[in-house]
2 protein chains.
Amino acid sequence: MTLPQLQSLQCSDCPIRHRAVCSRCETDELQMLDTIKYYRSFEAGQPIIWSGDQMNFVGSVVTGIATLTQTMEDGRTQMVGLLLPSDFVGRPGREGAAYDVVATTDVVMCCFRKKPFEDLMLETPHIAHRLLEMTLDELDAAREWMLVLGRKTAREKIASLLAILAQRDVSLSKNAASGEVTFDLKLTREAMADYLGLTLETVSRQMSALKKSGVIVLESKRRVKVPDMRLLIEEAGDDTDGGVVG
Amino acid sequence: MTLPQLQSLQCSDCPIRHRAVCSRCETDELQMLDTIKYYRSFEAGQPIIWSGDQMNFVGSVVTGIATLTQTMEDGRTQMVGLLLPSDFVGRPGREGAAYDVVATTDVVMCCFRKKPFEDLMLETPHIAHRLLEMTLDELDAAREWMLVLGRKTAREKIASLLAILAQRDVSLSKNAASGEVTFDLKLTREAMADYLGLTLETVSRQMSALKKSGVIVLESKRRVKVPDMRLLIEEAGDDTDGGVVG
DNA sequence: GCCTCGGGTTGATCTGTGTCAAAGCGAACA
DNA sequence: TGTTCGCTTTGACACAGATCAACCCGAGGC
């Protein structure tokens with residue numbers, strides 16, 4: 001079997017390509033998608049969905065960053081996924097949301113009403129296959145992150161996160177020859193800590209440590225220059241090279 | 001959309017139900033499955049697949065326990081999944097294996113050759129939907145585990161693992177009224193440590209501590225009695241009640 | 001019965017992160 | 001121009017869990 005090509009399709013007025021929609025879908029299916037599509041905006045800090053809520057839509061992040069987090073009764077929280085532009089939100093076939101989804105920056109989402117999307121999916125095997133493909137990607141990313149959470153040191157954790165963000169950030173500027181990359185860090189120290197299973201103080205200290213040893217340069221608190229990407233990846237102590245975000 | 005019913009199908013000579021095969025599949029598809037099916041046995045400790053290997057089959061665990069693990073260059077390892085009987089192995093549409101799969105006990109697997117299985121999946125949307133359903137379950141389990149790895153204490157981690165194993169073990173004996181459960185712990189202390197991101201010494205100490213406070217009774221090193229399941233779940237400190245294994 | 005060997009326990013000590021607390025910094029606003 | 005407020009940094013100290021090391025226990029094998 002060859003699953004439909006990974007390359008996805010740009011819908012008529014989104015600035016992004018929806019990774020959930022495959023390139024083999026026929027024109028009338030796309031028109032169908034257009035009819036059930038609408039946009040929603042969220043301000044930074046605003047919840048998109050609470051865990052347990054009824055979800056009546058699925059969709060893609062168009063701009064901004066959202067996070068998936070789990071919370072324990074006593075308030076401890078763990079971020080379990082990071083949603084960057086083009087990432088898909090929602091579980092076709094599932095009723096309630098499993099996690100809190102929160103807009104970390106201002107976010108625009110392109111949503112599809114859930115029922116029609118699912119109907120379309122039933123009629124269109126390619127969409128189901130594409131969704132399976134994406135879910136497998138997310139599963140890989142989650143398992144990759146289990147290694148980070150379970151076995152890496154604080155310094156390695158920070159380096160792993162920065163490597164992933166550097167590789168997926170759209171606002172980044174690259175210099176292919178030198179391997180230099182600069183990008184905007186759109187997470188607070190606290191959000192980084194939540195993702196890495198650390199405290200914000202430890203994050204801050206390790207950022208300072210990485211700065212001191214020249215692995216990163218902080219042009220401002222939220223703007224990071226990586227003089228040599230290979231060095232950062234080495235600090236991440238990884239056999240893989242950063243992986244995908246889920 | 002309603003995905004095909006979750007109830008899975010018992011194939012003609014397996015003692016288990018393959019959770020990957022949905023109950024709506026037509027008879028000729030099942031016969032097709034039968035023609036591409038074969039069994040493989042593995043001894044305890046034996047590798048089933050190495051990370052990066054070409055995978056030419058998918059299948060279900062029939063008996064025994066297998067583990068998915070990731071390894072760093074310096075030897076640190078993290079288990080990222082636990083495969084119990086009826087669990088599915090393999091990534092339709094993917095070439096290489098992403099993790100080491102190792103038989104922890106003696107294992108029998110019911111395998112399908114990959115190509116024919118994928119062909120069948122292309123023709124049979126129900127199988128694809130069922131697979132998506134399962135992958136979403138695994139993703140939930142992986143994310144649940146991220147919370148365990150990132151934010152729980154050693155004691156909570158052990159309790160979480162025991163709770164999951166107790167809920168899924170087939171060899172268990174229950175007493176519904178009192179909430180008492182006894183089951184075989186089929187993992188070494190080291191395997192538990194690998195799953196929990198701990199050392200085996202810490203696992204041993206926390207097992208002793210849980211024993212001392214009466215949460216568990218060790219009938220032998222590998223046979224665990226849980227006098228009160230609610231108490232164990234409380235020790236796991238979870239808002240959810242144990243979750244699923246991936 | 002004795003030996004061996006793999007897994008398991010327990011103890012002493014070390015160390016990476018968490019915790020608590022204070023102070024720095026920059027953006028927005030009066 | 002100063003005040004405030006949210007985010008960040010830095011320091012001092014505490015502690016959970018890692019590390020190193022010794023010993024225990026039960027199942028085979030001879």
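So you know, we letter chains A, B, ... as the sequences are listed, proteins then strands, and number each from 1.
Within the 4.5 Å cutoff, side-chain heavy atoms of B:Glu235 are placed close to those of B:Arg155. Using a 4.5 Å heavy-atom cutoff, the side chains of B:Val80 and A:Glu144 are not in contact.
Contact check, B:Arg189 against C:dT9: a side-chain N or O comes under 4.0 Å of OP1 or OP2. Proximity of A:Thr188 to the phosphate of D:dG6: no side-chain N or O atom is located under 4.0 Å from OP1 or OP2. For D:dA18, the OP1/OP2 oxygens have no side-chain nitrogen or oxygen of B:Arg205 closer than 4.0 Å. Taking side-chain N and O atoms only, A:Arg155 has no distance below 4.0 Å to OP1 or OP2 of C:dT17. Note on B:Ser204: every side-chain N or O is 4.0 Å or more away from OP1 and OP2 of C:dG8. Proximity of B:Ser208 to the phosphate of C:dT9: no side-chain N or O atom is located under 4.0 Å from OP1 or OP2.
Distances from the side chain of B:Leu198 to the nucleotides D:dG17, C:dT10, C:dT17 place D:dG17 closest.
Atom-to-atom, CD1 of A:Ile158 to C1' of D:dT8 comes out at 13 Å; the value is rounded to the nearest Å. One can place CD of A:Glu201 at 14 Å from P of D:dC7, the figure rounded to the nearest angstrom. For the pair A:Leu196 CG and C:dG16 C1', the computed distance is 15 Å after rounding to whole Å.
Between A:Arg151 and A:Met207, the one whose closest nucleotide on DNA chain D sits nearer the 5' end is A:Met207.
Using a 4.0 Å heavy-atom distance criterion, B:Gly197 is classed as a sugar-phosphate-only contact.
A 6.0 Å sphere centred on CD of B:Glu234 holds no more than 12 heavy atoms belonging to other residues, nucleotides or ligands.
Ring pair A:Phe57/A:Tyr38 is perpendicular by interplanar angle, where above 60° counts as perpendicular and below 30° as parallel.
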